[in-house]
Protein chains: 2
Amino acid sequence: MFEKIPKPVARRLAIYYRVLKEQSKNGAETISSSSLGRMLDLKPSQIRKDLSYFGGFGKRGTGYNVIDLMKSIEKILGIDKRWNVLIIGAGKIGRALANYPGLIQDGFTIKGIVDVSEKKIGKTIDEHLTIEDVAEMEKIIRERKIEIGVLCVPSDVAQKVLNSVIQYGIKGIVNFVPKRLKAPKDVMIEDVQISLSFKALSFRMVNSER
Amino acid sequence: MFEKIPKPVARRLAIYYRVLKEQSKNGAETISSSSLGRMLDLKPSQIRKDLSYFGGFGKRGTGYNVIDLMKSIEKILGIDKRWNVLIIGAGKIGRALANYPGLIQDGFTIKGIVDVSEKKIGKTIDEHLTIEDVAEMEKIIRERKIEIGVLCVPSDVAQKVLNSVIQYGIKGIVNFVPKRLKAPKDVMIEDVQISLSFKALSFRMVNSER
DNA sequence: TAGATTGTTAATCGATTAACAATC
DNA sequence: TAGATTGTTAATCGATTAACAATC
C-alpha cells in the first residue's frame, strides 16, 4: 500500500519545517522546491520526492503554500499535538534540556524531571520545574500521561532505568546515554550522541586531505 | 589511491572505540567482528569492511586484539592527540558542555567559554572555567591555539559568529544551532540538532504502523 | 498561450551484506 | 590438521538524482 520511506526523510522534513516556520514569519506566501533547496543545499528533486511520499502538497507553476505545507509537515511529524515528556536524570544535560526553548516551542511539554540524588531532589530549575525522586517515576509517568522519556542517566544504570520506564508504559525514548540500549520493537529510541559528533568532526579534520 | 570511505563509517568507528574501551577495562584481550556485531546489532561483515578501509587490524582465526584495535581507531579518528576546544555561548547547552566528562575523557580539552552577556561574563562554571567576554575571542583562539569551536549561540547571530571564528583560524565546528551554516570547505562543521531528534522520534511514534 | 514548477519514473550512485578464499 | 575468523570481492539493497510529462 505505502511506498517505503527512506530513513533520512523524517529528519529532512523536520528541517523543511524549520525553514517554513521562519519563512512564514517573514511573510512569505509560497516557496518552490528550488528556493528551499538553495537555502538548505539540497537538490530540489530530493525535496519534491520527500514530500511526495505523503501527498501532493504543491501547485505546479507556483510551488508550495508556506503555511499549508508547514501545517502538513506538522501532521506528518506528529507535532500537531503536544507530547508529554519526562526527563530522567538531572545531570548537566538533563537540566539543560529541562527548559530548552527549541523543544517547548515545537510540540514537546516537559512534564517533569527526576533523579536519584538526595542532593538534587527538591531543587528547582529556572523557577518552574522541581527535581523529583526517581522513586516516584511510575506514578509520574502514569498520572501525567508521559509518552516520551529523555534518558540522561549514567551509562551503567541506563538499561535498567530504560526497562523500568518501558514497563510504566513509555513508548518513545530520546537517549543521551552513550550506549546501545535494547528495547521491544514497539518502543522507539532515538539516539543523540554528542561525543560521537565530536569524534566524527575530529576524523574529518584529520582525514580531510583524502 | 584510497578507496572512498562511506560517510557513516566515522561514527561507527567511534562506536567501536567506545565498546573496545569498555572491553579493555573488563580485561578482554581479543574480540571478533561477530561478537562486536552482536553487542552493537551490526553485521560482522560491516565491521570488518569498515576497518578494512584503514588496514588489516585482525588476525584470522583469532579476531582483533582489543587494545591494539582501540589504539588504531584512536589514530584513525584523530583522538590520539588532544584538541583544544572553545565553547561559544554560555547558555544552557554551552554550560552543560563545559564540563561534559564524555568530551574531556576522549581527547577534547575545553580551553574556554565565552558569551556576550554582561551578566554571565566573570561567572564560574563548576569551579574551574570562567565565562569570558566574546570580545576577547580572537585573542583566546590565537593564544590558546583553539582548533574546535562549539557553537551554542542564538540562531540569528550564528552565521556572523561563525564567520568571525573562521577568520580567527578555527578549522572545526560542532554546531548546536538549529540552522544551516555556510563555511569554506576547509572548515568542517558537524551538526548536533537535538530538536531534530525529538521530531524524528515523534515521526516514528506516529508512523510506526507503516 | 508561454513560463514555471510540480509529481513521478527510471537511471545512477552509494552503502551494506553475503559469500568465500586466505590464513592464523 | 580442523576450526575459527579475517579481509575482500561481487551481489544486493536502499537513497538520491536527473529527466520529463503533466498542469497550474
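Order of the sequence lines sets the chain letters (A, B, ...), proteins ahead of strands, with each chain counted from 1.
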Pair assignment for DNA chain C - dot-bracket with | for other-strand partners, Watson-Crick or G-U under 3.5 Å:
..||||||||||||||||||||||

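- Listed by chain and residue number, nothing satisfies the ring-ring contact (aromatic ring centres under 6.0 Å, His included) test with A:Tyr16 (two or more places apart in sequence, or in another chain).
- The distance between atom CG of B:Asp50 and atom P of C:dG14, rounded to the nearest whole Å, is 17 Å.
- One finds a salt bridge joining A:Asp41 and B:Lys182 here, because a Lys/Arg side-chain nitrogen approaches an Asp/Glu carboxylate oxygen to under 4.0 Å.
- In A:Lys71, the NZ atom is not crowded: 12 or fewer heavy atoms of neighbouring residues, nucleotides or ligands sit closer than 6.0 Å.
- The stretch residues 7-26 of chain B does not touch DNA chain D, since none of its heavy atoms comes less than 4.0 Å from the strand.
- Using a 4.0 Å cut-off between a side-chain N of Lys or Arg and a carboxylate O of Asp or Glu, A:Glu138 and A:Arg144 do not qualify as a salt bridge.
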For residues 63-70 of chain A, which side-chain N or O atoms pair as donor and acceptor with protein atoms under 3.5 Å away, sequence neighbours left out?
unit_1: A:Asn65; atom_1: OD1; unit_2: A:Ile67; atom_2: N; d: 3.0
unit_1: A:Asn65; atom_1: OD1; unit_2: A:Asp68; atom_2: N; d: 2.9

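- The stretch residues 33-49 of chain A touches DNA chain C through A:Ser33, A:Arg48, A:Lys49, each having a heavy atom under 4.0 angstrom from the strand.
- In this structure, the side chain of A:Arg38 does not engage the main chain of A:Ser33 through any donor-acceptor pair within 3.5 Å.
- Judged purely by atom type and a 3.5 angstrom limit, A:Asp191 has no side-chain atom pairing as donor or acceptor with the backbone of A:Gln193.
- The distance from atom OH of A:Tyr53 to atom P of C:dT9 is 11 Å, rounded to the nearest whole Å.
- Rounded to a whole Å, the CD atom of B:Glu3 is 14 Å from the P atom of D:dG7.
- Using a cut-off of 4.0 Å between Lys/Arg side-chain N and Asp/Glu carboxylate O, B:Arg18 and B:Glu22 are scored as not salt-bridged.
- Between the CD1 atom of A:Ile104 and the CZ atom of A:Arg82 there is a distance of 8.0 Å, given to the nearest 0.5 Å.
- Across residues 55-64 of chain B, B:Gly56, B:Phe57, B:Gly58, B:Lys59, B:Arg60, B:Gly61, B:Thr62, B:Gly63, B:Tyr64 each have a non-hydrogen atom less than 4.0 Å from an atom of DNA chain D (numbered order).
- Listed for the A:Arg95 side chain is a donor-acceptor partner under 3.5 Å among the backbone atoms of A:Ala90.
- Salt-bridge annotation for B:Arg204 and A:Glu190: present, with a side-chain N of the basic residue lying under 4.0 Å from a carboxylate O of the acidic one.
- Note that CD1 of A:Ile194 is 11.5 Å distant from NZ of A:Lys199, once rounded to the nearest 0.5 Å.
- Contact between B:Val165 and B:Met137 at its shortest, heavy atoms only, is CG1-CE, 3.5 Å.
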